[in-house]
Amino acid sequence: MDLKVISQNRSFGGEQTVYSHSSESCDCEMTFAIYLPPQAKTGPVPVLWYLSGLTCTHENAMTKGGFQEAAADYGVAVVFPDTSPRGDNVADDDAYDLGQGAGFYVNATRDPWRSHFRMYDYIVDELRDIVLKNFPIQDRHGITGHSMGGHGAITIAIRNADKFGSLSAFAPIAHPTRSDWGRKQLSSYLGDDENTWVEHDATLLLEEHGWKGDLLIDQGADDQFLDLLKPEALANMMAKRRQPGQIRIQEGYDHSYFFVNSFARDHVEWHAERLSQ
């Protein structure tokens, strides 16, 4: 694998590096960032995957999320993938919530998306393999994300419980099959058969499979997108399933990276504890 270094910066004794590479899954050049804590200099460390939301790239959480200091304290690497394939030959849409920057972590089956929009395979298989083979990373993985990325984290973890040992999310799109942040994208990428959407809905997957561990969900009480996120659907399903975990409604917080930054340390600690068991 030919990884090209785009940038590298010292951060809290570790290294924050951005790479690009040719992706087989997405059939284009992809970019991702990885933070290696200082502990990685002496041996492999566990890794936390952070999936970003609509309109984001690898850079948003890397620069605004505030994960590096806590990751250095707890000896955890953090991977920040991009949110979609990109490039002049990659399909796009004028709307902010479809196309480039809005991959929704699915494998598209409809034109014009299916040639490149295979973010599920990219995260679950291709990038995971790249990270394990090229960096001092233990095969112990946690996953989290924000908004669209929270949707991706929960659905990917539940469907791949053998590959992820811990799970959390920030303001996830919790019930996309019943939200305008979901129905539009799932129909565009997967078609109109709603049966194919179920495996990309956190609430429905939790109902069918549960999660092997406990969940941590943080949600801002003043989030301007609450009606689209539908956290109550996930909360009700956790109660119905008697799923261990917490949904914390944080008073006064909105949907921004100020919210994510405020609770990033809690999530890093949560994953570090569970990945060390």
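Between H141 and F164, the two ring planes are perpendicular [angle over 60°; tilted spans 30° to 60°]. By the 30° and 60° cut-offs, the orientation of the rings of F170 relative to H267 is parallel. Ring planes of H255 and W181: tilted class, angle from 30 to 60°.
Heavy-atom minimum distance, G66 versus A264: O-CB, 3.8 Å. Closest approach of C28 and H116 over heavy atoms only: CB-ND1, 4.4 Å. Heavy-atom minimum distance, P231 versus A174: CA-CB, 4.3 Å. T155 and A202 make their closest contact through CG2-N, 3.7 Å (heavy atoms, listed as atom of the first residue, atom of the second, distance). Nearest heavy atoms, A33 versus M62: CB-SD, 3.5 Å. What you find for A157 and I143 is that their closest heavy atoms are CB-CG2, 3.7 Å.
Taking a cutoff of 4.0 Å between a charged side-chain nitrogen and a carboxylate oxygen, D180 and R183 do not qualify as a salt bridge. Under the 4.0 Å criterion applied to side-chain N and carboxylate O atoms, R118 and E24 are not assigned as salt-bridge partners. The pair R128-D139 meets the salt-bridge criterion, since a charged nitrogen lies less than 4.0 angstrom from a carboxylate oxygen. By the 4.0 Å N-to-carboxylate-O rule, D125 lies close enough to K163 to be salt-bridged with it.
Between Q246 and W270 there is a side-chain heavy-atom pair separated by less than 4.5 Å. A heavy-atom distance below 4.5 Å is found between the side chains of R110 and D192. Two residues are said to be in side-chain contact when any heavy atoms from C-beta on lie closer than 4.5 Å; W211 and P244 fail this criterion. A heavy-atom distance below 4.5 Å is found between the side chains of F135 and L3. By the 4.5 Å heavy-atom criterion applied to side chains, E207 and K240 are counted as neighbours. Between N60 and H146, every side-chain heavy-atom pair lies at or beyond the 4.5 Å cut-off. When side chains are defined from C-beta on, P176 does not count as touching Q185, because their heavy atoms never get closer than 4.5 Å. For the pair I247/M238, a side-chain contact is recorded, criterion being any heavy-atom separation below 4.5 Å from C-beta on.
Placement of I158 and L204 in two distinct hydrophobic clusters is found when ILVMFWY residues are connected by side-chain heavy-atom separations under 4.5 Å, directly or transitively. Under the 4.5 Å side-chain heavy-atom criterion for ILVMFWY residues, a single connected hydrophobic cluster contains both V47 and Y122. V90 and F32 end up in the same hydrophobic cluster when Ile, Leu, Val, Met, Phe, Trp and Tyr side chains are linked at under 4.5 Å. In the hydrophobic clustering of ILVMFWY residues, with side-chain heavy atoms under 4.5 Å counting as a link, L190 and Y105 come out together. In terms of hydrophobic clustering, with Ile, Leu, Val, Met, Phe, Trp and Tyr side chains grouped at heavy-atom distances under 4.5 Å, W49 and V78 are assigned to different clusters.
Residue-environment remark: CG (D162) exceeds the threshold of 12 foreign heavy atoms within 6.0 Å. For CG of D111, the number of neighbouring non-hydrogen atoms (other residues, nucleotides, ligands) closer than 6.0 Å is greater than 12. Surrounding NZ of K212 are more than 12 heavy atoms belonging to other residues, nucleotides or ligands, all under 6.0 Å away. Few gaps surround OH on Y96; more than 12 heavy atoms of other groups in view lie less than 6.0 Å from it.
Between the side chain of Q138 and the main chain of L132, no donor-acceptor pair closer than 3.5 Å is present. No side-chain donor-acceptor contact under 3.5 Å links Q100 to the backbone of S84. Using modelled atom types, one side-chain atom of Y35 and one backbone atom of S11 make a donor-acceptor pair closer than 3.5 Å. Looking only at distances, a side-chain donor or acceptor of S188 sits under 3.5 Å from a matching main-chain atom of K184. D201 places a side-chain N or O within 3.5 Å of a backbone atom of T177 that can act as its donor or acceptor partner. Of the possible polar contacts, none joining the E69 side chain to the F12 backbone as a donor-acceptor pair under 3.5 Å is found. Between the S179 side chain and the L229 main chain, no donor and acceptor come within less than 3.5 Å of each other. Side-chain N or O atoms of N107 include one that pairs as donor or acceptor with a backbone N or O of D121 at under 3.5 Å. S168 places no side-chain N or O within donor-acceptor distance of the main-chain N or O of T144, the cut-off being under 3.5 Å. Although no hydrogens or angles enter the test, the distance criterion places no donor-acceptor pair under 3.5 Å between the side chain of E15 and the main chain of L36.
Residues passing the side-chain hydrogen bond (donor to acceptor under 3.5 Å, both in side chains) test with D266, sequence neighbours excluded: R248.
Of the inter-residue distances, the one linking C56 atom SG with Y50 atom OH reads 7.0 Å to the nearest 0.5 angstrom. From F104, atom CZ reaches atom CG of L51 across 12.5 Å, with rounding to the nearest 0.5 Å. We find the CD-CD1 distance between Q219 and I249 to be 5.5 Å, quoted to the nearest 0.5 Å. In this structure, CZ in F80 is found 8.0 Å from OG in S52, a value given to the nearest 0.5 Å. Interatomic distance, CG of D73 versus CZ of R265, reported as 4.5 Å (0.5 Å rounding). Between the CZ atom of F225 and the CG atom of L54 there is a distance of 9.0 Å, given to the nearest 0.5 Å.
The closest side-chain donor-acceptor pair between E126 and S25 falls under 3.5 angstrom. Side-chain contact, H21 with D2: no donor N or O sits under 3.5 Å from an acceptor N or O. Residues H58 and T31 bring no donor and acceptor atom of their side chains to less than 3.5 Å of each other.
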**Request:** Apply side chain to side chain contact (heavy atoms under 4.5 Å, CB included) to the pair D254 and D223, showing each step before the final yes or no.
**Result:** CA-CA 4 Å; D254 59 16; D223 193 315; 5.6 Å; no
**Item:** From CA spacing to verdict: side chain to side chain contact (heavy atoms under 4.5 Å, CB included), F259, D218
**Value:** CA-CA 9 Å; F259 158 66; D218 273 313; 4.0 Å; yes
**Prompt:** Which is it for R159 and E208 under the salt bridge (Lys or Arg N to Asp or Glu O under 4.0 Å) test, yes or no, and what are the steps along the way?
**Reply:** CA-CA 11 Å; R159 293 176 62 190; E208 183 175 357; over 6 Å; no
**Request:** Evaluate the side chain to side chain contact (heavy atoms under 4.5 Å, CB included) criterion for residues V45 and I137: first the C-alpha distance (whole Å), next the side-chain angles of each, then the deciding distance (0.1 Å), finally the verdict.
**Result:** CA-CA 5 Å; V45 296; I137 297 298; 4.2 Å; yes
**Evaluation steps, ring pair (Phe, Tyr, Trp, His ring centres under 6.0 Å), between F117 and Y189** = CA-CA 8 Å; F117 280 71; Y189 295 142; 5.6 Å; yes
**Request:** Please test I154 against L205 for side chain to side chain contact (heavy atoms under 4.5 Å, CB included), starting from the C-alpha separation and ending with a verdict.
**Result:** CA-CA 9 Å; I154 297 172; L205 281 174; over 6 Å; no
